[in-house]
Amino acid sequence: MKRTLIKNLLNSAAALNRVRVSGWVRTRRDSKGFSFLEVNDGSCLKNLQVIVEETGPAFGQLAAVTTGAAVEIDGALVESPGAGQKWEVRAIGLRLLGGADPETFPLQKKRHTDEFLRTIAHLRPRTNKYGAMFRIRSEAAFAVHRFFRERGFHYLHSPILTGSDCEGAGEMFRVTTLPLHPPASPEGDGPFADDFFGKEASLTVSGQLEAELFASALGSVYTFGPTFRAENSNTPRHAAEFWMIEPEMAFADLSDNMDLAEDLVKALTVHVLENCREDLDLFAKFVDKQLMASLETIAAQPYERLPYADAVDILKTSGRAFEFPVDFGADLQTEHERFLCEEHFKKPVIVYNYPREIKAFYMRLNDDDRTVAAMDLLVPRVGELVGGSQREERYDVLERRILENGMKLESYWWYLDIRRFGSVPHAGFGLGFERFLMMATGVTNIRDVIPFPRTPKHLEF
RNA sequence: UCCCUGAUAGCUCAAUCGGCAGAGCGGGUGGCUGUUAACCACUAGGUUGUAGGUUCAAGUCCUACUCAGGGAGCCA
């Protein structure tokens, strides 16, 4: 007999004579003569209530069926006379698949702190909150692919291993098969001559450059995969391994880029609102009371778009005493970004046309010669959710910008090649998937929206 | 990396001016004929993060370290 998902049983239209349920016991309540089991199989937030009678054939193994144990139950789905649920299962068979010693099983039937649950990341998906989180994460990932597929984008698998010695997006993790203290290389060879690739290799910090190459062939592409930054960032918004969504569009400018970013964030938000209602409700109830109102705003309201220069003016005339001074040419600080989207506009804000000095070399130089066609999408509480730009498609300008930044032209021969053969205006951005999940759930620590977080000094599990 | 705060039972936290180490939850045992964070009774459970110092006496004061959380920088 095949098992039925609890999600389907709880949505059943009629009673069923014989069903099989497999799952983990969340709690057991004993009464004289019978016990109630709350069983969860991960298919949904809700548990299934199972009644095991002392006189019934299922009673034998009940003593070992404690919190955390895995069980297989055969029984009848019947209407529940109790108040808490419509359906329950009356067990006629109970099989203990895997016991859980109650003395040592760490999950109690009460609320645990996130800090404690991080120390047992292998068990935390068995809690309501983390089960809900990772169902939402899965659903949001599906929505990413659906969104781009519906718009004719192609999914690009950009490489994880990279030989680009400077991608300009942060410190990189080195990948090597060399011993920790390799013997000196022969005269003239570099230190990586004997390494696996014969040159220095790293984990990617961005798939953008590769996405640009493919956008110049397939038109519109996106990457969606893990990304690595070896920055010693100790904040609730940074992880050394995180997932990024990076679309890249040929024949597109900054305005198209802003449209796409806004559409994407809205589509993902709508998708989880429509498909993860029960799981989201948990976060609205226990994590952030304003979550639903906030998500409705993000899903429906047009985002504010303003040039960096206007943002600076608003900050300067706000009358607010900021810790960091605001002036054209200085990057916006966290406090400035928060003021703009949380207090001034009270909704997502897209700031564009930043001073060239504070942005990357590949961003397209505007006609004013002092700003580049960059954009950041800022959302309340999370800050920078999206960073992107129209790319510099003019060979001579890009060449100049590379040299201005003290970088070597040889390293970018293939990137420059795209500007030599059929160069077109193109644009793209990166969206931090974990940051989206933080926004969608109200969770304030990135370590709680990724299954096994990697941060400085932490590589458990 | 810098600044701030914290570390006491398995978990969450108390402990007054430096003076006997406590509770709730969880666990165990027993009770209860429909519970739903079940309920009632009893019970076990501690090198107070580590190392040093001050003191008749340190969970409490001092120093260093370790770890955690928050804020900042870097960014997505």
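Lettering follows sequence order; numbering is per chain, from 1.
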* To do: Please determine, for the side chain of A/N232, which listed nucleotide (B/A76, B/U1, B/G73) has the closest atom?
  => B/U1

* Whole-Å distance separating the CZ atom of A/R237 from the P atom of B/G69 -> 15 Å

* Asked: Parallel under 30°, tilted from 30 to 60°, perpendicular over 60°: which one fits the rings of A/F436 and A/F433?
  -> parallel

* To do: For A/F116 and B/C13, give me the distance from atom CZ to atom C1', rounded to whole Å.
  => 15 Å

* More than 12 non-hydrogen atoms from neighbouring residues, nucleotides or ligands closer than 6.0 Å to NZ on A/K86, yes or no? -> yes

* Could you tell me the separation between the CG atom of A/L117 and the P atom of B/U12, rounded to a whole number of Å? => 9 Å

* Any side-chain N or O of A/K109 less than 4.0 Å from the OP1 or OP2 oxygen of B/A37? -> no

* When you measure from the side chain of A/P102, which nucleotide among B/G27, B/A72, B/U33 comes out closest? -> B/G27

* By nearest nucleotide on RNA chain B, pick out whichever of A/M244 and A/R338 is the more 5' one. => A/R338

* Gap between atoms CG and C1', on A/D376 and B/C74 respectively (whole Å) -> 14 Å

* When the aromatic ring centroids of A/Y415 and A/Y362 are compared, is their separation below 6.0 Å? -> no

* Answer with yes or no whether A/D30 presents, from its side chain, a donor or acceptor under 3.5 Å of a partner atom in the base of B/U35. => no

* Asked: Is A/R149 close enough and on-axis enough to A/Y222, meaning under 6.0 Å and within 45°, for cation-pi?
  -> no

* A/E384 CD - B/G73 C1' separation (whole Å) -> 14 Å

* **hbond_proxy A/R29 side chain to B/C32 base (donor-acceptor, 3.5 Å cutoff)** => no

* Between B/G28 and B/U66, how far apart are the C1' atoms? Round to whole Å, please. => 35 Å

* Taking N and O atoms by type only, does the side chain of A/S233 place a donor or acceptor under 3.5 Å from a partner on the base of B/C75? -> no

* A/F36 side chain, from C-beta outward: closest of B/A72, B/U12, B/U35 -> B/U35

* Say you pick atom P in B/A9 and the same atom in B/U5; how far apart are they, in whole Å? -> 23 Å

* Structure fact -> Ranking B/G34, B/C75, B/G70 by distance to the side chain of A/R90, first place goes to B/G34

* Side chain of A/K110 only, please: which of B/C32, B/C11, B/G73 is the nearest? => B/C11

* Asked: What's the closest nucleotide to the A/H458 side chain, out of B/A68, B/C32, B/C75?
  -> B/A68

* Counterpart base for B/A9, defined by Watson-Crick or G-U wobble contacts under 3.5 Å -> none

* Parallel, tilted or perpendicular: ring planes of A/H145 versus A/F224, cut at 30 and 60 degrees -> tilted

* Asked: Using atom P of each nucleotide, how far apart are B/U16 and B/G59 to the nearest Å?
  -> 12 Å

* Would you say B/C67 has OP1 or OP2 under 4.0 Å from some side-chain N or O of A/R118? -> no

* Structure fact -> Taking a pair to mean Watson-Crick or G-U wobble geometry with both distances below 3.5 Å, B/G69 pairs with B/C4

* **5' priority, RNA chain B, between A/G387 and A/T444 [closest heavy atom]** => A/T444

* Asked: Does any nucleotide pair with B/U35 by Watson-Crick or G-U wobble geometry, both distances under 3.5 Å, and what is it?
  -> none

* So what's B/U50 paired with, Watson-Crick or G-U wobble, going by both distances under 3.5 Å? -> B/A64

* Looking at the side chain of A/T334, which of B/G34, B/C32, B/G73 is the nearest nucleotide? -> B/G73

* Asked: With respect to the phosphate group of B/U12, does any side-chain polar atom (N or O) of A/T113 fall under 4.0 Å of OP1 or OP2?
  -> yes

* Under 4.0 Å: is that the gap between some side-chain N or O of A/N445 and OP1 or OP2 of B/G70? -> yes

* Assigned glycosidic conformation for B/C39 [threshold 90° from 0] -> anti

* Find the distance A/Q108:CD to B/U12:C1' and express it as a whole number of Å. => 9 Å

* Please say whether the positively charged group of A/K266, taken as NZ for Lys or CZ for Arg, lies over the ring of A/Y303, i.e. under 6.0 angstrom from the six-membered ring centre and within 45 degrees of the axis. => yes

* Euclidean distance, atom CZ of residue A/F324 to atom C1' of B/C74 [Å, nearest integer] -> 12 Å

* Take the protein atom CG of A/L385 and the nucleotide atom P of B/A76, then report the distance between them rounded to whole Å. => 11 Å

* **Residue A/H112, side-chain atoms from C-beta onward, closest of B/C11, B/C75, B/U1** => B/C11

* Counting Watson-Crick and G-U wobble pairs only, both distances under 3.5 Å, name the nucleotide matched with B/C42, or none. => B/G28

* Asked: Going by modelled atom types, is there a donor-acceptor pair between the base of B/U12 and the side chain of A/E115 at under 3.5 Å?
  -> no

* So, do A/F361 and A/Y412 have ring centers that fall under 6.0 Å from each other? -> yes

* Nearest listed nucleotide, side chain of A/E103, among B/A72, B/A76, B/G28 -> B/G28

* Could you check whether the rings of A/F142 and A/H271 sit parallel, tilted or perpendicular, using 30° and 60° as the cut-offs? => tilted

* Asked: Taking N and O atoms by type only, does the side chain of A/H238 place a donor or acceptor under 3.5 Å from a partner on the base of B/C75?
  -> yes

